[in-house]
J.: 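Below is one structure. I have some questions about it.
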Number of protein chains: 2
Amino acid sequence: MSNGISLKELAAELKLAPSTVSRALNDSYEISEATKKKVISMAEKLNYQPNPFARSLRENKSKTIAVIIPERINNFFAQVMDGIEEIAHEHGYHLLVYSTHEDVEKEKKIVSLLQNKRADAIVMSVSSQTSDVSHLVKLYQRDLPIIFFDRVCSDIPTTKFITNDYESAYEGTKHLIQQGCQKIAFLMLAKELSITKERYRGYLDALKEAGMQPEPTFSLHCCRSDEENIQLITELLKSENRPDGILSSVEKLALATYHSVKKTKLSIPDDLKIITFSNMSSAGLLSPSLSTITQPALTIGQECAKLLIKKLTKPRHNELKDQVIVIPSKLTIRESTMAR
Amino acid sequence: MSNGISLKELAAELKLAPSTVSRALNDSYEISEATKKKVISMAEKLNYQPNPFARSLRENKSKTIAVIIPERINNFFAQVMDGIEEIAHEHGYHLLVYSTHEDVEKEKKIVSLLQNKRADAIVMSVSSQTSDVSHLVKLYQRDLPIIFFDRVCSDIPTTKFITNDYESAYEGTKHLIQQGCQKIAFLMLAKELSITKERYRGYLDALKEAGMQPEPTFSLHCCRSDEENIQLITELLKSENRPDGILSSVEKLALATYHSVKKTKLSIPDDLKIITFSNMSSAGLLSPSLSTITQPALTIGQECAKLLIKKLTKPRHNELKDQVIVIPSKLTIRESTMAR
DNA sequence: TTTAAATACGAAATCGATTGCGATTTTTTA
DNA sequence: TAAAAAATCGCAATCGATTTCGTATTTAAA
């Protein structure tokens with residue numbers, strides 16, 4: 001009894017044809033209620049479990065969605081995953097999860113593995129290294145439904161879910177200015193990333209509106225390595241012309257800044273104010289507590305899954321339109337941006 | 001050209017039999033080098049991708065491992081996942097990921113979904129509500145290889161990977177005592193959990209060795225809700241006979257404690273010292289920085305995957321022995337346990 | 001009462017890759 | 001040079017569920 005029984009064996013037990021049993025279990029109108037009951041009862045008794053691969057092979061769909069994220073140890077992505085999973089499970093879908101670790105090569109490998117339709121669709125946020133998107137175009141050409149979120153890929157004509165990056169960055173910068181900051185720096189991952197572009201634009205516009213000049217050294221490009229980032233930020237903070245405010249476009253760079261500040265004689269928020277995009281639940285517990293722009297991660301995940309499943313369920317009526325859907329973030333002011 | 005071509009179509013293109021093409025691609029000795037080259041070259045040209053479900057159906061294995069964790073927004077589990085994924089990908093395995101959200105009912109549903117061999121094996125950490133394990137026994141009886149980590153299930157005779165829970169809790173408690181704590185509390189999730197049992201034992205033994213009595217109100221059972229936990233801990237801290245030291249068996253309860261402390265007039269570490277099991281990278285950035293017992297999460301994940309893949313690759317030679325493998329944690333002392 | 005239609009079910013093809021076995025050709029051995 | 005052995009490759013079955021088509025029985029209509 002190690003491995004379950006097959007449909008054929010179940011049919012034999014019932015002295016029925018496999019086709020009949022299949023139809024009975026799938027509640028076909030062609031089968032009488034009497035036999036349906038018999039079949040279902042026997043199926044339960046013998047704990048029959050349909051083979052998912054036989055079904056996938058036959059129906060050419062796997063009831064599986066692949067999710068590709070840049071990293072797992074990240075509150076934002078973890079929350080998005082929870083949102084996706086919630087909706088997916090409601091509709092009987094499974095989740096194949098892949099992390100690129102911010103590495104394009106790894107991303108390419110993963111994408112290549114998915115070409116064989118192991119998953120019915122893909123939800124992804126590209127790595128910070130991704131600028132050439134030919135590997136993603138290939139997916140699109142294969143007719144694999146794909147949805148982007150957060151770090152989107154404007155070249156691929158499909159639906160994207162993002163937050164109001166421009167406005168949030170603009171508001172965050174404006175807040176820093178209102179709190180008295182004169183020299184505001186912008187911390188970013190790769191500048192090719194959609195989110196850094198938009199957030200940078202918001203940052204620049206807020207500066208311009210306040211009549212402030214963006215200094216070149218204040219646009220800091222960071223990388224994957226936490227150590228290097230801390231080093232870079234420390235240098236910036238120790239430089240003669242150091243900033244008195246920071247808008248960090250991602251959570252990890254704000255944390256790196258906290259580490260850097262520890263290495264200097266500066267103090268937050270007196271010498272340096274900082275606000276960051278972040279979904280860290282313990283932002284309020286940092287020293288000092290960290291002002292954040294919180295993205296609607298769970299909702300983003302849910303919406304991605306909802307749209308995708310609609311598309312998978314009714315392929316004709318629901319195409320993935322080339323559009324960007326924006327779900328706004330929430331500003332939470334804490335100690336790190338307090339005016340003295 | 002929307003969907004890829006099949007083996008049969010590829011064979012037709014080459015004017016060969018499907019069997020020959022299959023063997024050529026699988027590097028069979030029965031095929032000449034000349035045709036192998038032709039086949040491989042044509043396969044690349046037409047971008048042939050074998051159908052994974054046809055293969056799974058035939059070979060009765062999916063090259064997929066299911067991972068079940070209690071929650072995703074948790075540094076420990078995220079790191080374990082990274083470890084599992086690293087090894088799994090090295091061997092061409094995919095990961096189906098499920099989160100139970102600490103809910104047994106959800107856990108049962110997920111486990112039930114996996115009975116049909118959608119995954120070749122399972123790596124899991126049980127939910128804090130799990131006490132009855134009949135749903136897991138069923139998996140075992142179905143011959144589905146399963147490995148537990150961290151929150152293990154001693155009733156199931158298979159391999160388990162844990163950290164040295166007893167010793168770490170013992171050392172952590174001893175450290176608190178050395179720092180001058182007289183009344184030490186223990187924060188736990190469900191008491192049925194393997195990790196709380198072991199960590200509690202370590203806590204008790206350290207107390208006993210120091211000649212201290214464990215007070216009943218100092219063993220605090222917490223739950224899933226952060227709000228309720230903060231409430232519970234706040235009450236404890238406001239009680240007449242309040243503790244001056246805390247050993248937290250999981251990260252989230254330490255964070256809840258920080259929140260609770262904010263609601264009282266107490267201060268860490270002067271009035272209350274705290275150390276916790278945690279894999280939070282920003283533990284050093286909290287106010288005050290948090291002393292931690294860091295589990296070897298990545299290694300645990302890697303070892304789980306390694307063992308499982310060995311078992312899947314050589315089913316005869318590698319049974320999953322009923323044993324517990326211990327990988328030690330690391331104590332990191334920070335401000336939260338400093339003596340005045 | 002005869003015929004048409006509805007009901008209930010079975011036989012066999014199908015999805016795509018793998019593999020045991022047989023057939024043919026080439027090479028080796030006696 | 002004939003027989004044995006090796007090298008190559010094709011045919012067809014197989015994995016398990018679904019579905020098209022067909023058939024037998026029952027019911028309704030004429």
Side-chain angles (χ1 to χ4, degrees), chain A residues 2-40 42-43 46-64 92 113 115-120 142-143, chain B residues 2-40 42-43 46-64 92 113 115-120 142-143:
Chain A
S2 72
N3 249 324
I5 63 166
S6 71
L7 186 73
K8 201 193 290 180
E9 294 169 307
L10 176 59
E13 197 71 30
L14 285 156
K15 286 172 187 162
L16 286 172
S19 49
T20 305
V21 176
S22 171
R23 276 186 270 250
L25 291 173
N26 291 319
D27 200 30
S28 161
Y29 71 97
E30 290 183 286
I31 305 298
S32 70
E33 289 304 320
T35 47
K36 271 185 194 172
K37 275 184 189 162
K38 270 190 233 163
V39 169
I40 292 172
M42 180 64 82
L46 300 183
N47 191 21
Y48 165 73
Q49 305 277 357
N51 183 312
F53 307 117
R55 189 176 273 173
S56 291
L57 175 59
R58 178 64 215 236
E59 312 215 304
N60 196 29
K61 56 185 172 187
S62 57
K63 297 226 99 188
T64 299
L113 285 174
Q115 295 221 13
N116 57 14
K117 292 270 279 170
R118 181 179 285 270
D120 294 338
R142 280 232 165 197
D143 259 3
Chain B
S2 74
N3 250 322
I5 63 167
S6 69
L7 186 72
K8 201 194 287 182
E9 294 169 306
L10 177 57
E13 197 72 31
L14 284 157
K15 288 172 187 162
L16 285 172
S19 49
T20 306
V21 176
S22 171
R23 276 186 268 252
L25 292 174
N26 291 319
D27 201 29
S28 161
Y29 70 97
E30 290 182 288
I31 306 297
S32 71
E33 288 305 319
T35 48
K36 271 185 195 173
K37 273 184 189 163
K38 270 190 234 164
V39 169
I40 291 172
M42 181 63 81
L46 300 183
N47 192 20
Y48 164 74
Q49 306 276 359
N51 183 312
F53 307 117
R55 189 175 274 173
S56 290
L57 176 59
R58 177 66 214 234
E59 311 215 305
N60 195 32
K61 57 186 173 188
S62 56
K63 296 227 101 189
T64 298
L113 286 175
Q115 295 221 14
N116 58 14
K117 293 269 280 171
R118 181 179 284 270
D120 294 338
R142 279 233 166 195
D143 259 4

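Note on naming: letters A, B, ... go to the chains in the order of the sequence lines (proteins, then strands), and numbering restarts at 1 for each one.
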J.: Between atom CD in Glu33(B) and atom P in dA6(D), what is the gap in whole Å?
T.: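 Interatomic distance, CD of Glu33(B) to P of dA6(D): 19 Å.
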J.: When the axes are fitted on five pairs at both termini, how much does the helix from dT1(C)-dA30(D) to dA30(C)-dT1(D) curve, in 10° steps?
T.: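 About 50°, once rounded to a multiple of 10°.
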J.: For residues 26-34 of chain B, which side-chain donor-acceptor pairs fall under 3.5 Å, sequence neighbours excluded?
T.:
residue  : atom : partner  : partner atom : Å
Asn26(B) : ND2  : Ser22(B) : O            : 3.1
Asp27(B) : OD1  : Lys36(B) : NZ           : 2.9
Ser28(B) : OG   : Glu30(B) : N            : 3.1
Ser32(B) : OG   : Thr35(B) : N            : 3.4
Ser32(B) : OG   : Thr35(B) : OG1          : 3.0

J.: If you pin Leu16(B) and Glu59(B) to their nearest nucleotides in DNA chain D, which one's is more 5'?
T.: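 Looking at DNA chain D, the more 5' nearest nucleotide goes with Leu16(B).
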J.: Which part of the nucleic acid, if any, lies within reach of Ser56(B) when heavy atoms closer than 4.0 Å are counted: base, sugar-phosphate only, or nothing?
T.: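 No contact at all - Ser56(B) keeps every heavy atom at 4.0 Å or more from the nucleic acid.
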J.: Measuring only between side-chain heavy atoms, which start at C-beta, is Pro52(A) closer than 4.5 Å to Arg55(A)?
T.: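 They are not in side-chain contact.
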J.: At their closest point, which heavy atom of Lys63(A) faces which heavy atom of Asp120(A), and how far apart are they?
T.: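 Shortest heavy-atom separation between Lys63(A) and Asp120(A) comes out as N-OD2, 2.7 Å.
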J.: Return the minimal non-hydrogen interatomic distance between Ala54(B) and Leu57(A), and the atom names on each side.
T.: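 Here Ala54(B) and Leu57(A) meet closest at CB-CD1, 3.8 Å.
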J.: Rounded at 0.5 Å granularity, tell me how far CG in Asn116(A) sits from CZ in Phe53(B).
T.: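 Here the rounded value is 7.5 Å.
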J.: For Lys15(B) and dC9(D), give me the distance from atom NZ to atom P, rounded to whole Å.
T.: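 Distance, rounded to whole Å: 16 Å.
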J.: Looking at DNA chain C, which of residues 19-29 of chain B put a heavy atom within less than 4.0 Å of it?
T.: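 Nucleic-acid contacts, sorted: Ser19(B), Ser22(B), Arg23(B), Asn26(B).
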J.: Anything under 4.0 Å to a heavy atom of chain A counts; send over the first and last such nucleotide of DNA chain C, read 5' to 3'.
T.: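 Nucleotide range with atoms under 4.0 Å of chain A: dA8(C) to dG16(C).
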J.: To the nearest angstrom, how far is Glu30(A) atom CD from dG22(D) atom P?
T.: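 One finds 14 Å between P of dG22(D) and CD of Glu30(A), rounded.
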J.: Is there a side-chain contact between Thr64(A) and Arg118(B) in this structure, where contact means two heavy atoms from C-beta onward sitting under 4.5 Å apart?
T.: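 Yes; the side chains approach each other to less than 4.5 Å.
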J.: Looking at Ser62(A) and Ser56(A), would you say the former's side chain and the latter's main chain have a donor-acceptor pair under 3.5 Å?
T.: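 No.
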J.: Applying salt bridge (Lys or Arg N to Asp or Glu O under 4.0 Å), can you list everything that pairs with Lys38(B), at least two apart in sequence or on another chain?
T.: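 Scan of Lys38(B) (salt bridge (Lys or Arg N to Asp or Glu O under 4.0 Å), adjacent residues dropped) gives none.
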J.: Set out, in order, the CA-CA distance, both residues' side-chain angles and the distance that settles side-chain contact (heavy atoms from CB on, under 4.5 Å) for Leu25(B) and Tyr48(B), then state yes or no.
T.: CA-CA 11 Å; Leu25(B) 292 174; Tyr48(B) 164 74; 3.5 Å; yes
J.: Distance check needed: dA17(D) P versus Glu9(A) CD, whole Å only.
T.: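 Atom-to-atom, Glu9(A) to dA17(D), this comes out as 9 Å.
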J.: What pairs of donor and acceptor atoms, side-chain ones from residues 10-20 of chain A against any protein atom, are under 3.5 angstrom apart with sequence neighbours left out?
T.:
none

J.: Just how far is it from atom CD of Gln49(A) to atom NZ of Lys117(B), taken to the nearest 0.5 Å?
T.: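 If I round to the nearest 0.5 Å, the distance is 13.0 Å.
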J.: Between atom CG in Leu10(A) and atom C1' in dT18(D), what is the gap in whole Å?
T.: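 The answer, rounded to whole Å, is 15 Å.
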